[in-house]
Amino acid sequence: MLKKKIFSLFYIRPMLRNKYFIKNLLMLLSIIMLFFFICSYTVSNNSRQVLENELLNSDRNYIEIVGNSVDSLLLDMRYITATLDVNSMVNTFFLSEHPENIISDIYIRLQEKLEGYVNSYSSIHSIYLYSENCNTIITSSGRNPVTSFSDLSWMKYFTDEPEDYTIFSRAKDDFYPNFLCIMKQVKVGNSNGAIVINLMLNKIPILTTTQKHYSDIYIINDDSQVIYHSNQRYLMEPLSISSHLKHYSADMQEYSCISKENKKKYAYTQLHSSDYAFSYVLVTHLENYSRELFSRQTIFFTIFMGLFLVIFLLSLIMGVRFFKPIEMLTQLLNESSDFIESTDYATPEISELADKIVSYARTNRQLADELTVSLQNLTQSQMLALQAQINPHFIFNTLSIIHIKECQALGYNHPLPAMTLKLSRILRYAISSTDMVRLQSELEYIKQYIDILKFHDGDEITVT
């Protein structure tokens, strides 16, 4: 095992110093990183979109449940109103100035009937039966003369041509709690009667026991006034109570989006009631969503790093596998042609290439030796041919005669006879020397050649 590790390090170390290997490895890693970056961005973006779509669908379904529950409750209140409207005792109460003379204990019996309705719904605060004929208001707690009854703000919604029912928001005695009232106005000649059911929105179970504890529910009428939210202080509040309500529009039947406020994301979902003039709005704060998204991104990043390390190791192993034969062939080519020899390699393909390289190297060496011999023979032949073309004796005899005449005319100490003698000796040496000579002879004739150059050029030439 240790030998294998040492063997691996022996081949990996030179590769890490090879610029081509490093260049290709970095290029491969860059491609892998780019591929994984694109994949991670795509997966992260798709994951975010999937989570957001799931969240918006969940909020859409939940606000629909809330809206259906509230609408269903209001439908029940309308049913109670219609039931009381056709009740004989209630009609007697509306029509007669002294209904107790017609039906004995009518006030007690109507009170008990109202009390039964109030006790059946936790969200019903009270039910009023008002008769202008007998100037009386009956509630679940008893009979009250109009003049001594303090909560009369609902009377301002009376009209000359009453509708089947009227729904409006008001505050009891102009103070908390706030009511959503369902009123049935009854016209008896010139007199008015009314059935008024006061609902407490903050007691409706679906609004107070929301499963989404990190969400806020709003009910907003078509006049863009908030008639309910969990921390409501006033009867009608503007949309400015929450910056999250900036997306509200009374003209939209349905709308949902993911938005951001102060670097915090939230989901906004709006659904208009199918029967009433208000919309239900759900604002979900996305702390849990952000944590879930971060958790998914962490898992993906962990998987990404694991895959990256695996691919990096595979790339390194493949690089070693491919680079090792190249390194061997490079070493083979770098060997001296005098010592190059065939070697056994791990794969037959590399062995075949190495054998071809060795064969070409040997052939090249043989051709080089043959070329060297041929050049030597050619040089010697050219020298012999040159020597054959020139009659050396004629040249040397002529130079000797010139030397003698110069000495007679100029004297033996004159430089011109000496230069002629040196030229004769150089020519004799050049023509007669076709093979290796001694260094001393070569230097002697080089000095004579330099003397001739100095005689010709004077002081313009300097020899070191």
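Between Ser122 and Met200, the shortest heavy-atom contact is O-CE, 4.3 Å. Heavy atoms only, all atoms of each residue included: Ala171 and Ser153 are closest at O-OG, 3.9 Å. For the residue pair Trp154 and Met183, the shortest heavy atom distance occurs at O-SD, 3.9 Å. Looking at every heavy atom in both residues, Tyr107 comes nearest to Thr136 through CE2-CG2, 4.4 Å. Nearest heavy-atom pair, Leu56 versus Cys257, reported as atom, atom and distance to 0.1 Å: CD2-O, 3.7 Å. When all heavy atoms are compared, the tightest approach of Ser131 to Phe94 is OG-O, 3.5 Å.
For Tyr449, the ring-ring contact (aromatic ring centres under 6.0 Å, His included) criterion is met by no residue, not counting sequence neighbours. Remark: Tyr228 engages no residue in a ring-ring contact (aromatic ring centres under 6.0 Å, His included) (not counting sequence neighbours). Residues satisfying the ring-ring contact (aromatic ring centres under 6.0 Å, His included) criterion with Tyr268, sequence neighbours excluded, are His247. With sequence neighbours excluded, the residues that form a salt bridge (Lys or Arg N to Asp or Glu O under 4.0 Å) with Lys246 are Glu261. Remark: His244 engages no residue in a side chain to side chain donor-acceptor pair (under 3.5 Å) (not counting sequence neighbours). Every residue meeting the side chain to side chain donor-acceptor pair (under 3.5 Å) condition with Ser191, not counting sequence neighbours, appears here in chain and number order: Asn133. Under the ring-ring contact (aromatic ring centres under 6.0 Å, His included) criterion, Phe93 pairs with no residue, sequence neighbours left out. Listed by chain and residue number, nothing satisfies the side chain to side chain donor-acceptor pair (under 3.5 Å) test with Lys264 (two or more places apart in sequence, or in another chain). Residues forming a side chain to side chain donor-acceptor pair (under 3.5 Å) with Tyr117 (at least two apart in sequence, or on another chain): none. Evaluation of the salt bridge (Lys or Arg N to Asp or Glu O under 4.0 Å) rule for Glu112 yields no partner, not counting sequence neighbours.
For the atom pair OG of Ser69 and CD1 of Ile204, the computed distance is 9.5 Å after rounding to the nearest 0.5 Å. From Lys113, atom NZ reaches atom CG of Leu129 across 10.5 Å, with rounding to the nearest 0.5 Å. Rounding to the nearest 0.5 Å places CD1 of Ile127 at 11.5 Å from OG of Ser141. The CD1 atom of Ile63 sits 7.0 Å away from atom CG of Leu271, with the distance rounded to the nearest 0.5 Å. Atoms OG1 and CD, on Thr166 and Gln185 in that order, are 7.0 Å from each other to the nearest 0.5 Å. Considering CG of Leu180 and CG of Asn221, their distance stands at 10.5 Å, rounded to 0.5 Å.
With ring centers used as reference points, Phe149 lies under 6.0 Å from Tyr128. In summary, the aromatic rings of Tyr266 and His285 are positioned with their centroids too far apart to meet the 6.0 Å limit.
The shortest distance between side-chain heavy atoms of Leu84 and Leu114 falls below 4.5 Å. Contact check for Leu439 versus Leu443: side-chain heavy atoms found under the 4.5 Å cut-off. Residues Met236 and Ile227 form a side-chain contact, since some pair of their non-hydrogen atoms from C-beta on lies under 4.5 Å apart. Counting heavy atoms from C-beta on, the side chains of Val90 and Val186 never come closer than 4.5 Å. Looking at heavy atoms from C-beta onward, Ile219 lies out of side-chain contact with Ser279 at the 4.5 angstrom threshold. At least one side-chain heavy atom of Leu152 sits under 4.5 Å from a side-chain heavy atom of Ile137. Residues Thr269 and Val281 form no side-chain contact, since every pair of their non-hydrogen atoms from C-beta on lies 4.5 Å or further apart. In this structure the side chain of Ile217 reaches within 4.5 angstrom of the side chain of Tyr62, judged on heavy atoms.
Because its NZ or CZ atom is not both nearer than 6.0 Å to the ring centre of Phe179 and within 45° of the ring axis, Arg170 does not count as a cation-pi partner of that residue.
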Q: Please test Ser215 against Thr284 for side-chain hydrogen bond (donor to acceptor under 3.5 Å, both in side chains), starting from the C-alpha separation and ending with a verdict.
A: CA-CA 4 Å; Ser215 300; Thr284 303; 3.1 Å; yes
Q) For Tyr248 and Gln270, what are the C-alpha separation, side-chain angles and deciding distance, and is it a side-chain hydrogen bond (donor to acceptor under 3.5 Å, both in side chains)? A) CA-CA 7 Å; Tyr248 176 80; Gln270 174 186 331; 5.1 Å; no
Q: Could you walk me through whether Leu371 and Leu367 pass side chain to side chain contact (heavy atoms under 4.5 Å, CB included), step by step?
A: CA-CA 6 Å; Leu371 180 60; Leu367 292 174; over 6 Å; no
Q | Check against side chain to side chain contact (heavy atoms under 4.5 Å, CB included), Val146 and Met155 | A | CA-CA 11 Å; Val146 174; Met155 285 188 176; 4.2 Å; yes
(Q) side chain to side chain contact (heavy atoms under 4.5 Å, CB included) for His229 and Asp216? Distances and angles first, verdict last. (A) CA-CA 7 Å; His229 70 92; Asp216 296 324; over 6 Å; no
Q: Take Ile220 and Gln225 through the side chain to side chain contact (heavy atoms under 4.5 Å, CB included) test and state the conclusion after the steps.
A: CA-CA 5 Å; Ile220 306 173; Gln225 295 174 318; 5.8 Å; no
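No donor-acceptor pair under 3.5 Å is formed between the side chain of Ser58 and the backbone N or O of Glu54. Although no hydrogens or angles enter the test, the distance criterion places no donor-acceptor pair under 3.5 Å between the side chain of Lys187 and the main chain of Pro162. Asp105 contributes no side-chain N or O that, together with a main-chain N or O of Arg109, makes up a donor-acceptor pair within less than 3.5 Å.
For the pairing with Ile80, the side-chain contact (heavy atoms from CB on, under 4.5 Å) check across Leu75, Ile182, Ile197 returns one residue only, Ile197.
Within a 6.0 Å sphere centred on CG of Asp160, heavy atoms belonging to other residues, nucleotides or ligands number 12 at most. In this structure, Gln440 places its CD atom where only 12 or fewer heavy-atom neighbours from other residues, nucleotides or ligands lie under 6.0 Å away. Within a 6.0 Å sphere centred on CG of Asn190, heavy atoms belonging to other residues, nucleotides or ligands number 12 at most.
In this structure, a donor-acceptor pair under 3.5 Å is absent between the side chains of Asn68 and Tyr280.
Applying the side chain to side chain donor-acceptor pair (under 3.5 Å) definition to pairs two or more places apart or across chains, those involving residues 76-97 are Arg78-Tyr165, Arg78-Tyr276. Residue pairs meeting the salt bridge (Lys or Arg N to Asp or Glu O under 4.0 Å) criterion with at least one partner in residues 248-258, sequence neighbours excluded, are Arg60-Glu254.
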